[in-house]
Amino acid sequence: MRELDYSRMGMRIRQVRKAKRWSQDELAKRCGISMSFLGHIERGTRIMSLETFVSICSVLDAGADEILWGVAHPSNAVLDMWNPSGSKADGKSNTDGYSMYVRIMKSVAEIMNEA
């Protein structure tokens, strides 16, 4: 299992915050934490609680995988493309595409577990 890199997590939080054009103060207020503590989180010098992590992810509308590992979630359009029900909006079967997606994700998971 990989260890968490709090500096990288903090960097990702900062990147998402800046993409939203929010100040540290604005994000801190929305999350109910002090600006000073958020600064420490973004620098990776303090470890946040699970509750704070969930709050930050929720307020930033960012997935946990995105913040923890830098793995962005696909858009709904991509998810619709790989619909596990086997049907697309046009009624055509898409089970082959979904099977391929599952194989790719399993391969990625194996590679990440070896790292």
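These numbers come from the heavy atoms of this one structure, side chains and all, not from hydrogens, waters or symmetry mates. Please read these numbers as outputs of a predicted model, since none were measured by experiment.
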Can you sort out the partners of Tyr6 under side-chain contact (heavy atoms from CB on, under 4.5 Å), two or more places apart, ordered by chain and number?
-> Leu4, Met9, Ile47
Output all residues satisfying side-chain hydrogen bond (donor to acceptor under 3.5 Å, both in side chains) with Ser55, sequence neighbours left out; order by chain, then residue number.
-> none
side-chain hydrogen bond (donor to acceptor under 3.5 Å, both in side chains) filter on Asp5, not counting sequence neighbours, yields none
Measuring from Ile56:CD1 to Cys31:SG, what's the distance to the nearest 0.5 Å?
-> 5.0 Å
Going from CG on Leu60 to CG on Leu27, what distance comes out if it is rounded to the nearest 0.5 angstrom?
-> 5.0 Å
Which pairs, with at least one residue in residues 30-58 and sequence neighbours excluded, count as a salt bridge (Lys or Arg N to Asp or Glu O under 4.0 Å)?
-> Arg14-Glu42, Arg17-Glu42, Glu26-Arg30
Validation row: Ile13, Phe53 side chains within 4.5 angstrom (heavy atoms) = no
Salt bridge (charged side-chain N to carboxylate O under 4.0 Å, His left out) partners of Lys20, counting only residues at least two apart = none
Flag yes if Met11 and Trp69 sit in one hydrophobic cluster, no otherwise; membership is Ile, Leu, Val, Met, Phe, Trp, Tyr, and two members link when side-chain heavy atoms are under 4.5 Å apart.
-> no
Under 3.5 Å, which donor-acceptor pairs link side chains of residues 33-40 to any protein atom two or more places apart or in another chain?
from: Ser34; atom 1: OG; to: Phe37; atom 2: N; distance (Å): 3.0
from: His40; atom 1: ND1; to: Thr45; atom 2: OG1; distance (Å): 2.7

